[in-house]
Amino acid sequence: MSAYRILASALVCLCSAVALVSQPASAATPGLTLDYARTLEQSSMVFVPYEGQNRGPVYYTQYTQVPTGTSSVGTLRRIIVNLRPSAHIQELYIPFVNQHGIIDVSASPLPAHGECQPTQGIKDLLSFMPANYQPTILTAGYPVACSLSLYFPVEYEAAVRDYIGTRPVIVLDATVPLCEPTSPRLSVNAINEALRTAGVLQVSQTGVWTGNYWDLLYESVRLTQTRPQLFVTQDPREGWQVYMQLFQLDAVAETATMSSADAQQSIYMCIPKPLHIRFGQEVMP
Amino acid sequence: MVLVMTGCQDARRPDDTRAKALRTCVLAGLPPPTAPGAAWTVPGHALVEAYQRCLESPDTASAEDFHALCQDLARPSSDDPSRVHITDAPGGEP
């Protein structure tokens, strides 16, 4: 049985305790929430739109290493090896985007969710090169996940190209913390209405909810016991914690207030579905 | 008919003993402070659940009763409305 987790802020963090945790993936654009219910997966591409939009990040589960042409640097030669999504090389990306009207925000899984390293094999092959000319990972532009810079003597070019063509020279290891499309949403309004019926909360004409803090505390906890489904998490106290944290407190008057905006929220209670992106760890199938 | 007014004694709630026993029981049922000398805060639901467990009968549970318990026992946490600070009542004892 899946455990429910709550990931609440812009940070990418997975925690196993009941305590409040940070928000899942990375909105490539901070402040926007991903709508996991509309996740699209096709041909090693995973698209998750932002709520209310068809814009969002496209992540890739398969990559191909693509060497560039050789450039000269003094007496040395240089090749850049790009780790490019296989879906782009196979010309599957454009039809996918067009078919679904996707607006790609060009989010890279790196560096937020993982890293690239040169393989031990390519480091061993070029271990004789001076320190400044060792295989080095470079930051790349989307959709390339990362690039590898290789310097070598001119007489090594054939061997290096042969090596690149027959085995991985880059190790990519990333995990994007996505959520199950079926992750439940906490309806703040449903809880507020239940507490209004219980006489605990009142709502103003501007949609602001207020009540005595102690009454709110008591009756809301009772609600987790009598109507746990309102809090949608497996342990309703997790959803209850998120709900309570939407209130502002006047500690002197002992009143709790929730803004109209917060009262209208439908908050994702994420069931983690991490997207593992790997390249170079295993022998090519 | 003559109404004989007797002077009211100073307030001595008949359930004073009950209130003290309830408070003692609830305090014992709360998660302890995380460190000696640290502010004692607990999840709000833990306070409610401790109150419920300490009642002689579930039928006696009420928001008013809980509210009365909390007056000498806890105060809200402005930083995190899901948690409460546990306080010592003036002159009170565990």
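Any value given below was found using the heavy atoms of this structure, including those in side chains, with hydrogens, waters and symmetry copies removed. Throughout, a chain's letter reflects where its sequence line sits, starting with A, and its residues are numbered from 1.
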Margin query: Other residues, nucleotides and ligands only: do more than 12 of their heavy atoms fall within 6.0 Å of CD on B/E56?
Written below: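 Check fails, neighbour count at 12 or below.
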Margin query: Just checking A/Q225: does its CD atom have more than 12 heavy atoms from other residues, nucleotides or ligands closer to it than 6.0 angstrom?
Written below: yes
Notebook entry, point to check: For the atom pair CG (A/L217) and CZ (B/R83), what is the distance rounded to the nearest 0.5 Å?
Noted result: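 Going from CG on A/L217 over to CZ on B/R83, the span is 12.0 Å.
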Margin query: How long is the straight-line distance from CE of A/M244 back to OG of B/S77, given to the nearest 0.5 Å?
Written below: 10.5 Å
Next item on the list: Could you tell me which portion of B/Q71 (side chain, backbone, both or neither) has an atom closer than 4.5 angstrom to a non-hydrogen atom of chain A?
Entry: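 It is the side chain, since no backbone atom gets that close.
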Nearest heavy-atom neighbours spanning [X] and [Y]:
X: B/P76; Y: A/Y213; value: CG-CD2, 3.7 Å
X: B/P81; Y: A/Q245; value: CD-CA, 4.1 Å
X: B/H67; Y: A/W214; value: NE2-CD1, 3.5 Å

Check: Is there a donor-acceptor pair closer than 3.5 Å between any side-chain N or O of B/Y51 and the backbone N or O of A/Y218?
Finding: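 The answer is no, because no donor-acceptor pair under 3.5 Å joins these two groups.
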Notebook entry, point to check: Between A/R222 and B/E49, is there a salt bridge with N-O shorter than 4.0 Å?
Noted result: no
Item checked: Winner by heavy-atom pair count (cut-off under 4.5 Å) against chain B, out of A/L246, A/D215, A/D250, A/N212 -> A/N212
